[in-house]
There are 2 protein chains.
Amino acid sequence: MHTTSHTAVQRTDVMASRIPGGSSAASAHVQRIADELKLLQATLNPARRIVHAGDVLYRYGERFEQLHVLNSGCFKLLSVSESGDEQIVGLKFRGDWLGFSGIARGSHACDAIAMDTSEVWTLRYDALLQACAEEPRLMALVHEAMSSEIMRDREAKTALCTLPADARVATFLHDWAGSLAMRGLRTDQISLRLTRAEIGNYLGLTLETVSRVLSRLVRARLIAFNEKSRRDICIPDFQALGSFTSRPAAVGLH
Amino acid sequence: MHTTSHTAVQRTDVMASRIPGGSSAASAHVQRIADELKLLQATLNPARRIVHAGDVLYRYGERFEQLHVLNSGCFKLLSVSESGDEQIVGLKFRGDWLGFSGIARGSHACDAIAMDTSEVWTLRYDALLQACAEEPRLMALVHEAMSSEIMRDREAKTALCTLPADARVATFLHDWAGSLAMRGLRTDQISLRLTRAEIGNYLGLTLETVSRVLSRLVRARLIAFNEKSRRDICIPDFQALGSFTSRPAAVGLH
DNA sequence: CGGGTAGTTGAGCGCCTTCAATCGCCGTGG
DNA sequence: CCACGGCGATTGAAGGCGCTCAACTACCCG
């Protein structure tokens, strides 16, 4: 795992002009993440480093001592069962925290693997606790991050429990694009950094089903493939894709 | 099969590795919950009260101001979608916290409904924050509780993604019994406080499937119904039920 | 007794999986 | 240069698991 330059200015702020669902809410969120990072930097001066796709930030079972915050890039969280099969249990983007699940047992509960070149800020947990005691805003920030994670996990569970395959995949794409939008990135053109098998794993489907659903969404004009790579997906109408979530019907089949 | 003492499990030291009624780990956990409650009481003197089955502790959308800790009883967390259908997103027992998901937005993300007569300890969130700043152990306790919730949500997601109906229901029963065991309660005789429809809702199955799976588990001698109520379930061999989780095969069908 | 709720069980269907074939891409090595 | 193999993705065909629809029972409470 590289620890090269810590300056890594990420060129994110292309920005809010392109954001679906109202740029004001999105840019507010962008600002909020920036403020949070600034607060972190001021109170804890976290170690920064760049990691690359495939790099492992921590592994299941490793002693928990640090938390991480993503300044850019994206990560997947991988839970490996004793029988050896893997389950993707989370996806993380700029502003998200990594490692919360390790606090309870004192050892990490999953693997954290970069899906793209990313800048990670790392802070010692004991230092964080101490800083939280002195800076109430910092404590509130940490609690909000954990609370958000709990909320999103529940939404994911609900999707798994209630949505058929088509809506599940559509929701997945919509959420991914929404995650980027809230961070000020473009959403008309998203680059999934997962194979069909990984998407299926994350959604409780087989890779074939994912592939078929994507083809169906293309036929329904809700998405389009980039001609270069079939992992790059165009979303002409962000809202339409979202509304498909609730109405799994009304797709021209066949 | 009955053991009158509260150390419900006898010949299973092996189980101590996982989620045992294995007495040592279980009683350690009981002790830990007791210590946590004691610390809470010492630092915050929370308001206690008794609620009854069906009582609502908080509702979706209500302003978030308090957190709650269960001293006894059990709760369900209910998420209601805009279209009106409900999803059970969590089950809570003694020692569990309620309300974490409301922190992020400042309003509660679900309904919390008692499934049984329960004793609830309530504390103001702002008071908790303040107390956390002064008492590091309290802050650690809160973080551990949130971390545990994240972990358990992920396990639930994994179950939804990977297990077929039979294993899902078996895991549900096993986990429920395990939750009781970790709290020092008997596990050979558990009383589900959910209808078949609610179990199905929680597990992403229909009530008919739940009913059929339970009948199958009875035929396989992994569980037995109490003759009084079909919601009360005997678990003759806790371990066997657990091992069924991983091997969904090998049940005498028909 | 009648009505309502909870639960069980059967029959048939449909969505998703399983199995399999094919295509395109890319890096390697003859 | 092209052949080859591997990986990712797509698509078809067939089968099965779980859902839908429905009937029936048990139990509680008026």
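Each chain gets a letter, A, B and so on, in the order its sequence line appears, and its residues count up from 1.
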Q: Between atom CD in B/Glu227 and atom C1' in D/dA26, what is the gap in whole Å?
A: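 Computing the B/Glu227:CD to D/dA26:C1' distance gives 15 Å.
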Q: Quick one: are A/Ile233 and A/Asn226 in side-chain contact, heavy atoms under 4.5 Å?
A: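 Result no, sub-4.5 Å side-chain heavy-atom pair not found.
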Q: If you compare every side-chain N and O of A/Thr195 against the phosphate oxygens of D/dC7 (OP1, OP2), does one of them come in below 4.0 Å?
A: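 No, no such contact exists.
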Q: Do B/Leu241 and B/Leu173 make a side-chain contact, defined as non-hydrogen atoms from C-beta onward lying under 4.5 Å apart?
A: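 Yes - at least one pair of side-chain heavy atoms lies under 4.5 Å apart.
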Q: Could you check, using the six-membered ring where one of them is a Trp, whether A/Tyr60 and A/His108 have ring centers closer than 6.0 angstrom?
A: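 Between A/His108 and A/Tyr60, which both carry aromatic rings, the centre distance is not below 6.0 Å.
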Q: Should B/Glu149 and B/Lys92 count as an ion pair when the cut-off is N to O under 4.0 Å?
A: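 Salt bridge present between B/Glu149 and B/Lys92.
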Q: C/dT8, OP1 or OP2 - any side-chain N/O from B/Arg230 closer than 4.0 Å?
A: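 True: B/Arg230 side-chain N/O within range (under 4.0 Å) of C/dT8 OP1/OP2.
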Q: Within this structure, what is the CG-to-C1' distance between B/Asp232 and C/dG7, rounded to whole angstrom?
A: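 Nearest whole value for this atom pair: 14 Å.
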Q: Using OP1 and OP2 only, check whether a side-chain N or O of A/Arg231 sits under 4.0 Å from D/dA9.
A: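 For D/dA9, OP1/OP2 do have a side-chain N/O of A/Arg231 under 4.0 Å.
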Q: List, with names and distances, any nitrogen or oxygen atoms from the protein found under 3.5 Å away from nitrogen or oxygen atoms belonging to nucleotides 13-16 of chain C.
A:
residue	atom	partner	partner atom	Å
C/dC16	OP1	A/Ala165	N	2.6

Q: Roughly how many Å is it from CD1 in B/Ile199 to C1' in C/dG7, rounded to a whole number?
A: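 Answer to the nearest Å: 11 Å.
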Q: What protein N or O atoms touch nucleotides 19-22 of chain C N or O atoms at under 3.5 angstrom, if any, and at what distances?
A:
residue	atom	partner	partner atom	Å
C/dC19	N4	A/Glu208	OE2	3.2

Q: What does the inter-axis angle of the helix from C/dC1-D/dG30 to C/dC26-D/dG5 come out as, five pairs per end, nearest 10 degrees?
A: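 Comparing the axis at each end, I get an angle of 30°.
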Q: Whole Å only: how far is the CG atom of B/Asn226 from the P atom of C/dG7?
A: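 Between P of C/dG7 and CG of B/Asn226: 14 Å.
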Q: Mind checking whether A/Phe172 and A/Trp176 have parallel, tilted or perpendicular rings, split at 30° and 60°?
A: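 Judged by the thresholds at 30° and 60°, the geometry between A/Phe172 and A/Trp176 is perpendicular.
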Q: Nearest whole Å is fine: how far is D/dT11 P from A/Leu217 CG?
A: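 Distance check: A/Leu217 CG to D/dT11 P gives 13 Å.
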Q: Before you tell me yes or no, could you show the steps for B/Asp116 and B/Phe75 under side-chain contact (heavy atoms from CB on, under 4.5 Å), namely the whole-Å CA-CA distance, both residues' side-chain angles and the distance that decides it to 0.1 Å?
A: CA-CA 7 Å; B/Asp116 197 0; B/Phe75 268 71; over 6 Å; no
Q: What is the distance, to the nearest angstrom, from the CZ atom on B/Arg196 to the P atom on D/dA26?
A: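 B/Arg196 atom CZ is separated from D/dA26 atom P by 16 Å.
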Q: Between A/Asp111 and A/Tyr58, is there a side-chain heavy-atom distance shorter than 4.5 Å?
A: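 Side-chain contact under 4.5 Å: no.
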Q: Does D/dG8 have its OP1 or OP2 closer than 4.0 Å to a side-chain nitrogen or oxygen of A/Ser211?
A: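 No, no such contact exists.
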Q: For A/Leu194 and D/dC7, what is the distance between atoms CG and P respectively, to the nearest whole Å?
A: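 After rounding, the reported distance stands at 19 Å.
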Q: Between A/Leu163 and A/Thr171, is there a side-chain heavy-atom distance shorter than 4.5 Å?
A: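 The answer is yes, as the side chains (C-beta and beyond) meet within the 4.5 Å cut-off.
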Q: What I want to find out is whether B/Arg183 reaches B/Asp96 closely enough, with some N-O distance under 4.0 Å, to be called a salt bridge.
A: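 Between B/Asp96 and B/Arg183 there is a salt bridge, with a charged N closer than 4.0 Å to a carboxylate O.
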Q: Check A/Arg49 with A/Glu119, please: is the shortest side-chain N to carboxylate O separation under 4.0 Å?
A: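 No salt bridge links A/Glu119 with A/Arg49.
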Q: Expressed as a whole number of angstroms, how long is the span from B/Phe225:CZ to C/dG7:P?
A: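 It works out to 10 Å between those atoms.
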Q: Is the number of heavy atoms from other residues, nucleotides or ligands within 6.0 Å of CZ (B/Arg59) greater than 12?
A: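 Open.
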Q: State, yes or no, whether a side-chain contact exists between A/Ser118 and A/Leu70 at a heavy-atom distance under 4.5 Å.
A: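 Result yes, sub-4.5 Å side-chain heavy-atom pair found.
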